[in-house]
Amino acid sequence: MSKVLVIHGPNLNLLGTREEDIYGTATLDDINGQLKTLADNAGVEIEFFQSNHEGEIVDKIGAAKENFSAILINPAAYTHTSVAIRDAIAAVQIPTIEVHLSNVYAREEFRHTSLIAPVAHGQISGFGVDSYLLGLQATINLIKG
Ligand code: DQA
């Protein structure tokens, strides 16, 4: 069975109470629950990982090759800064879909640059929880061919 790795970057553990006007009120558990339902209905396995530490995310991506068909990632603030996460994605060559709750292009200028986008299969930004759900559906379509 195909397996998707979902990675949530820094501060996404605070969803539900974090800048609700920007990120909404859904908690990370709420989001993961909706993703699990979608994956179950599609007959795809799914694993969740959240970290506030760049190196832990790099390690997780680096170890993903053997076990995962695709990665769905919200790199959060590391989107805009992390050469290391970008290089890890490029190194493992697992199809990777980048998602953001907010429309990063409608926000501060420093959020307009994604170091991840050039090595991602695609990016979905600005649809709240639906960004994750649309991203997972696209990921499933991709791995099922
Ligand atoms: C985010 C957007 C990033 O700019 C920000 O640093 C985040 C969340 C989003 O999902 O909208 O932490 O990735």
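Along the sequence shown, residues carry numbers from 1. Both counts, for ligands and for their atoms, begin at 1 and track the order of listing.
Close approach of ligand 1 to V104 is summarised as follows: ligand atoms under 4.0 Å from at least one heavy atom of the residue are 2 (C), 4 (O). Contact atoms of ligand 1 toward S102: 2 (C), 9 (C), 11 (O) (distance under 4.0 Å to a heavy atom of the residue).
Under a 4.0 Å heavy-atom criterion, T79 is not in contact with ligand 1. Under a 4.0 angstrom heavy-atom cut-off, N74 registers as being in contact with ligand 1. Heavy-atom separations between Y23 and ligand 1 include at least one value shorter than 4.0 Å.
Side-chain contact annotation: T79 with E98, donor-acceptor N/O pair under 3.5 Å absent. Remark: the Q137 side chain and the N141 side chain contain an N/O donor-acceptor pair separated by less than 3.5 Å. Side chains of D40 and T37: no donor on one and acceptor on the other come within 3.5 Å.
Taking the six-membered ring for Trp and thresholds of 30 and 60 degrees, F48 and H8 have nearly parallel ring planes, at less than 30 degrees apart.
With sequence neighbours excluded, no residue satisfies ring-ring contact (aromatic ring centres under 6.0 Å, His included) with H100.
In this structure, atom 5 (C) of ligand 1 lies nearest to the protein heavy atom R111 NH1, 3.3 Å. Counting protein heavy atoms only, atom 12 (O) of ligand 1 is closest to R18 NH2, 3.0 Å.
In this comparison of H8, H80, E19, H100, the heavy atom closest to atom 1 (C) of ligand 1 sits on H100.
Residue L101 places at least one N or O, backbone or side chain, under 3.5 Å from an N or O of ligand 1. For a threshold of 3.5 Å applied to N or O pairs, the pair formed by L12 and ligand 1 contains no separation below that value.
Smallest separation of non-hydrogen atoms from S102 and I22: CB-CG2, 3.8 Å.
At least one donor-acceptor pair closer than 3.5 Å links the side chain of K65 to the backbone N or O of V92.
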